[in-house]
Amino acid sequence: MDLLLTGGMGYIGSHAAVVLTQAGHRVVLYDNLSNSAQVMVERLERITGVPPLFVDGDVRDTDRLRHTLRHHASEAVIHFAGLKVVGESLDIPLDYYANNVQGSISLLQAMREVGTRAMVFSSSANVYGEPRYLPVDEAHPTGVTNPYGRTKLQVEEILHDLARSDPAWRIVCLRYFNPVGAHESGLIGENPQGIPNNLMPYIAQVATGKLAELRVFGNDYPTLDGTGVRDFIHVMDLAEGHASAVGYLREHAGWQVINLGTGQGYSVLEMIRAFEAASGRRVPYRIAPRRPGDSASCYANPEKARRVLNWTARRTLAQMCATTWAFHSGAGGKGAA
Ligand code: NAD
Ligand code: UD1
């Protein structure tokens, strides 16, 4: 299929671009490079052997999107573009609503005008808020607690209204749990600017010596070892989930919301030990106070993805750590996201 990937130069979009290209789809990466870099184009070509088409554009630029969709005859859009840092969204909420909500409306308007009515949307487990039961299935009530999560839920609702208004729309909202890991080539991965907010990139930077030690946010949670438990999912499994979702959209109209997780939770201390084993490096840490807004445990019920998309996560925690290490300790970690 001819696919437009907004935010396709970013962490998840670039891995999805690899999987989709290797599955025979033609991808166009539409990105404003606000959190990625041009060097990605050459890295993707090195991995797949196919130079990806890149358009430097903002999703709020409806004219440019309309032109791009028409020019490339895009049959479906995977909408990764957006801002994604929870803490930052509390400081600059307007930027989050403008990029994530206004950007999505602009994209949907362009799609409607050119007649492209199929979308896979990057949503987040963040929309569930504090889990009321585990594992978290799609029937779990939503309970957003920050502007970032609210933008994701609002876009899901816009998409739902759209699908109800016109049966031609085909929409899958994927609620990601905690994406980690990198492509096995070590060429692409997650390389956040500044001090990382998330656990895995932080651990990786401690292991490389870039940061001195990890602060473990709380060891008095009601979990097996007292530290937080999350559903870490390999980004290549996540990328394959998008290929499955695109396949699903070929056959089915309507609106779906689907978790992408493994169903398995790992604690912060388990992550540290697994990373030490994969890298052969020590990861010094100290126990620090809980981070406000964190829940004790959060992991998915991935049953709907298995049933509807015929997809399950296959890669192990050791693979998540080994590929992260390969990326951070090699050439990949010194360049783009
Ligand atoms: P990322 O920042 O690496 O990638 C996002 C890409 O979108 C970047 O390349 C950025 O330059 C681009 N972008 C941002 N605003 C844009 C705009 N207005 N117009 C065009 N391009 C724009 O993030 P990621 O981790 O790859 O996340 C992709 C999507 O998945 C995001 O929507 C994010 O909210 C969602 N998500 C991510 C995670 C995670 O932990 N990484 C978890 C749940 C959901
Ligand atoms: C965070 C975001 C969430 C987003 C997710 C995706 C918050 C409150 N939530 O969730 O919206 O969808 O990332 O990647 O920011 N930890 C440490 N030390 C650190 C960093 C993290 O101990 O330096 C712990 C956390 O307390 C948590 C676990 O590691 O228990 C995972 O943290 P993180 O990677 O930030 O993910 P989430 O908290 O799940």
Side-chain angles (χ1 to χ4, degrees), residues 5-16 29-37 40 55-61 64-65 78-90 95-96 98-100 102-104 106-107 121-129 144-146 148-149 151-152 155 174-180 188-193 195-203 205-206 211 213-219 221 223 227-233 235 238-239 260 265-269 271-272 285-299 336-337:
L5 274 53
T6 71
M9 300 281 274
Y11 172 47
I12 301 170
S14 58
H15 289 80
L29 312 179
Y30 184 97
D31 201 302
N32 68 359
L33 301 182
S34 58
N35 196 33
S36 48
M40 182 59 78
V55 177
D56 187 348
D58 195 293
V59 285
R60 288 164 290 179
D61 186 344
R64 192 160 176 73
L65 275 169
I78 309 187
H79 183 29
F80 296 103
L83 304 179
K84 63 165 183 178
V85 183
V86 173
E88 185 184 62
S89 77
L90 292 160
D95 295 45
Y96 273 69
N99 266 277
N100 296 5
Q102 194 181 326
S104 298
S106 154
L107 171 61
F121 172 61
S122 293
S123 189
S124 169
N126 192 280
V127 300
Y128 294 119
V144 286
T145 56
N146 53 73
Y148 167 72
T151 66
K152 291 293 170 188
V155 175
L174 297 175
R175 291 177 175 166
Y176 310 154
F177 279 67
N178 291 61
V180 296
I188 60 173
E190 185 180 24
N191 197 12
Q193 293 159 8
I195 309 269
N197 295 293
N198 296 122
L199 180 65
M200 190 64 135
Y202 205 108
I203 290 181
Q205 292 195 14
V206 172
L211 294 170
E213 64 174 6
L214 174 76
R215 282 174 303 158
V216 174
F217 296 139
N219 67 346
Y221 284 110
T223 60
T227 64
V229 166
R230 295 291 183 275
D231 187 335
F232 298 96
I233 172 168
V235 67
L238 198 70
L260 289 188
Y266 288 107
S267 75
V268 175
L269 293 182
M271 294 300 285
I272 295 172
Y285 67 86
R286 72 182 157 85
I287 305 299
R290 291 181 179 192
R291 182 172 66 178
D294 273 358
S295 46
S297 282
C298 183
Y299 49 90

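We count ligands from 1, going down the list as the structure has it; atoms in each ligand are counted the same way. Worth knowing before you read on, the calculation uses all heavy atoms, side chains too, and leaves out hydrogens, waters and symmetry mates.
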Decide whether an N or O pair under 3.5 Å exists between [X] and ligand 1.
X      : answer
Pro179 : no
His79  : no
Tyr176 : no
Met9   : no
Ser124 : no

Counting N and O atoms only, with roles assigned by atom type, does the side chain of [X] sit under 3.5 Å from a partner on the main chain of [Y], one being a donor and the other an acceptor?
X      : Y      : result
Thr6   : Phe80  : yes
Ser89  : Tyr148 : yes
Asn198 : Met200 : no
Tyr96  : Val85  : yes
Arg230 : Phe177 : no
Ser14  : Met9   : no

Which atoms of ligand 1 sit under 4.0 Å from any heavy atom of [X]?
X      : result
Ser34  : 10 (C), 11 (O), 13 (N), 14 (C), 15 (N)
Tyr148 : 33 (C), 34 (O), 35 (C), 36 (N), 43 (C), 44 (C)
Lys152 : 31 (C), 32 (O), 33 (C), 34 (O)
Asn99  : 15 (N), 16 (C), 17 (C), 18 (N)
Leu33  : 11 (O)
Ser122 : 29 (C), 30 (O), 32 (O), 35 (C)
Ser36  : 8 (C), 9 (O), 11 (O)

Sort out the contact shell of ligand 2: every protein residue with a heavy-atom distance below 4.0 Å, listed by chain and number.
Val86, Ser124, Asn126, Asn178, Asn197, Asn198, Leu199, Tyr202, Leu214, Arg215, Val216, Phe217, Gly228, Arg230, Val268, Arg291, Asp294

State the [atom1]-[atom2] distance between [X] and [Y], to the nearest 0.5 angstrom.
X      : Y      : atom1 : atom2 : value
Asp31  : Asp58  : CG    : CG    : 9.5 Å
Lys84  : Asn99  : NZ    : CG    : 13.5 Å
Phe217 : Arg291 : CZ    : CZ    : 5.5 Å
Tyr202 : Arg215 : OH    : CZ    : 5.5 Å

Structural part of Glu190 in contact with ligand 1, heavy atom criterion under 4.0 angstrom
neither

Mode of Ile12 contact toward ligand 1 - side chain, backbone, both, neither (heavy atoms, under 4.0 Å):
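Both the backbone and the side chain of Ile12 come within reach of ligand 1.
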
List in chain and number order the residues that pass side-chain contact (heavy atoms from CB on, under 4.5 Å) with Ser106, two or more places apart in sequence or in another chain; answer none if no residue qualifies.
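In terms of side-chain contact (heavy atoms from CB on, under 4.5 Å), with neighbours along the sequence ignored, Ser106 is linked to Thr62, Leu65.
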
Go through the side-chain N and O atoms of Tyr128 and Arg175 and say whether any donor and acceptor fall under 3.5 Å apart.
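Yes, because at least one side-chain N or O of Tyr128 sits under 3.5 Å from a partner of the opposite role on Arg175.
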
Scan side-chain atoms only and decide if Tyr176 and Ser122 contain a donor-acceptor pair under the 3.5 Å cut-off.
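Yes, Ser122 and Tyr176 have a side-chain donor paired with an acceptor closer than 3.5 Å.
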
Is [X] close enough to touch ligand 1? Criterion: a residue heavy atom under 4.0 Å from a ligand atom.
X      : result
Gly57  : yes
Thr6   : no
Ser123 : yes

Of the listed options (Asn178, Asp31, Leu5), which comes nearest to atom 8 (C) of ligand 1 when hydrogens are ignored and any heavy atom counts?
Asp31

Check: of Phe232, Phe80, Tyr96, min heavy-atom distance to atom 28 (C) of ligand 1 comes from Phe80

Should Leu269 and Tyr285 be marked as a side-chain contact (heavy atoms from CB on, under 4.5 Å) after you check the CA-CA gap, both sets of side-chain angles, and the distance that decides it?
CA-CA 9 Å; Leu269 293 182; Tyr285 67 86; 3.7 Å; yes

Please report the C-alpha distance between Arg64 and Tyr30 in whole Å, then the side-chain angles of each, then the deciding distance to 0.1 Å, and finally whether the side-chain hydrogen bond (donor to acceptor under 3.5 Å, both in side chains) criterion is met.
CA-CA 10 Å; Arg64 192 160 176 73; Tyr30 184 97; 4.7 Å; no

